[in-house]
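Reviewing the structure listed below.
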Amino acid sequence: MAEMELWFTEQQTPDLGFTCKITKTIYTAKTKYQDLAILETKQFGKMLVLDGAVQTTIVDEFCYHELIAHVPLFTHPNPKKVAVIGGGDGGVIREILKHEEVEKAYLIEIDQEVIEASKKYLPEISCALDDKRAEVIITDGIKFVSENKNMFDVIIVDSTDPVGPAVGLFESNFYQAVYECLKEDGLFVAQTESPFYDQDLIRNVFHSIKSIFPITRLYLGFIPTYPSGLWSFTMGSKKYDPLEIDVSKIKRIDTRYYNPELHKALFALPTFVQKIIE
Ligand code: SAM
């Protein structure tokens, strides 16, 4: 008798699915905020899924986590206090703590169950959450940012797609609060979805940030399990321009995607992406 095959599909657009063969369902839960699953996939290893959307996988997580962490941290000359909004799997905290000058990295996550499941089932990604330089605060990132002023050198918004509690993380009021939560020379980066499927979102976010921050830059990376593979990140900065830094001064750290040669190249945009943010 043929063995039964199990497949998981993320519906990436109303007309497109991304399908992986599953060898095991490791864990599922309905949290206060979302449906959570950890699956063992044949192609990408363990996979964290929230509300049917792939968040991270063991095989390609380094692409996203390195891109969202090292570009801002190597743009700021002395990042000591850093906050991650969302990011409950811990991958961004792991990358941040590779920077020796970081004294404290805060994880501001709304859903404690994402952190607990990641610690238990994805230790490769969550391994730095118990580091003494890391502090986890369970609260809504929108509330946290609006209640704290002049506090961080760098803020990284590692959110889910703009649904449920993450909707407000893509709005202008939030970016204004992020501006005020940063120190006078602070900067921030947010993941801003796919240039193929989310052009209106990228345009709106870019122009919202541009109306608040003196320097606004968009950069791209490739993340195989995210919709279309091509992914965008938007930076708002009060003082430091990622295109003006001296890349010869970037320290070599242990990475698989990011490197000093790539730092400025990531900001070179294909014409169709330039047009989105014109
Ligand atoms: N890298 C992933 C991606 O781009 O799809 C995101 C990973 S991380 C698991 C996203 C986290 O953001 C989730 O754990 C979710 O609970 C959290 N989140 C969503 N809205 C939030 C909010 N308003 N405040 C804090 N965390 C939030």
Side-chain angles (χ1 to χ4, degrees), residues 1-69 84-95 107 109-130 136 138 156-167 169 191-194 196-198 221-231 233 256-257:
M1 201 170 77
E3 220 174 278
M4 191 170 75
E5 291 184 348
L6 289 176
W7 295 79
F8 159 76
T9 297
E10 171 180 342
Q11 196 182 341
Q12 293 189 334
T13 78
D15 306 309
L16 179 81
F18 171 75
T19 300
C20 295
K21 195 188 232 179
I22 304 301
T23 50
K24 196 171 162 194
T25 301
I26 297 171
Y27 179 71
T28 59
K30 210 173 193 34
T31 79
K32 196 170 152 197
Y33 298 97
Q34 50 216 337
D35 287 328
L36 187 163
I38 297 181
L39 310 172
E40 178 76 47
T41 73
K42 196 111 179 137
Q43 191 76 46
F44 289 102
K46 286 176 285 179
M47 173 185 271
L48 171 65
V49 181
L50 293 176
D51 284 342
V54 177
Q55 303 294 304
T56 194
T57 80
I58 296 296
V59 169
D60 73 342
E61 58 92 3
F62 70 96
C63 307
Y64 177 87
H65 293 134
E66 291 182 15
L67 282 167
I68 202 169
V84 179
I85 311 295
D89 51 71
V92 182
I93 293 284
R94 184 196 63 203
E95 293 306 312
L107 184 79
E109 164 65 60
I110 203 168
D111 192 341
Q112 184 155 17
E113 288 190 58
V114 175
I115 297 174
E116 280 164 12
S118 301
K119 277 186 166 178
K120 189 155 182 199
Y121 301 108
L122 304 169
E124 305 88 336
I125 300 174
S126 62
C127 50
L129 288 175
D130 289 325
V136 174
I138 305 297
I156 296 173
V157 186
D158 177 16
S159 67
T160 35
D161 301 333
V163 285
V167 171
L169 298 174
Q191 74 86 2
T192 45
E193 311 281 309
S194 163
F196 276 98
Y197 304 140
D198 307 294
F222 189 78
I223 299 141
T225 58
Y226 284 3
S228 85
L230 188 67
W231 210 247
F233 302 85
R256 286 195 283 162
Y257 194 120

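None of the values given here were measured: they were computed from a predicted structure. Throughout, residue positions are numbered sequentially from 1 according to the sequence presented.
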Partner set under salt bridge (charged side-chain N to carboxylate O under 4.0 Å, His left out) for Glu95, not counting sequence neighbours: Lys98

For Asp15, side chain to side chain donor-acceptor pair (under 3.5 Å) partners two or more places apart: none

Partners passing side chain to side chain donor-acceptor pair (under 3.5 Å) against Lys32 (at least two apart in sequence or in another chain): none

Minimum heavy-atom distance between [X] and [Y], given as atom pair plus value:
X      : Y      : answer
Trp231 : Glu193 : CZ2-CA, 3.3 Å
Phe233 : Gly221 : CE1-N, 4.3 Å
Ser228 : Gln12  : N-OE1, 4.0 Å

How would you list, by chain and number, every residue that makes a side chain to side chain contact (heavy atoms under 4.5 Å, CB included) with [X], sequence neighbours excluded?
X      : answer
Lys42  : Lys21, Thr23
Ile58  : Lys46, Leu122, Glu124, Ile125
Ile138 : Gln112, Ile115, Val136

Heavy-atom donor-acceptor pair, Asp51 side chain to Asp35 backbone, under 3.5 Å: yes

Test log, rule side-chain contact (heavy atoms from CB on, under 4.5 Å), inputs Tyr197 and Leu16: CA-CA 11 Å; Tyr197 304 140; Leu16 179 81; 3.3 Å; yes

Distance-only side-chain donor-acceptor flag, Tyr226 / Asp60, under 3.5 Å: no

Side-chain donor-acceptor contact under 3.5 Å, Asp89 with Gln55: no

pair Tyr27-Lys120: side-chain heavy atoms closer than 4.5 Å: no

Verdict with supporting geometry, Leu48 and Leu36, side-chain contact (heavy atoms from CB on, under 4.5 Å): CA-CA 8 Å; Leu48 171 65; Leu36 187 163; 4.2 Å; yes

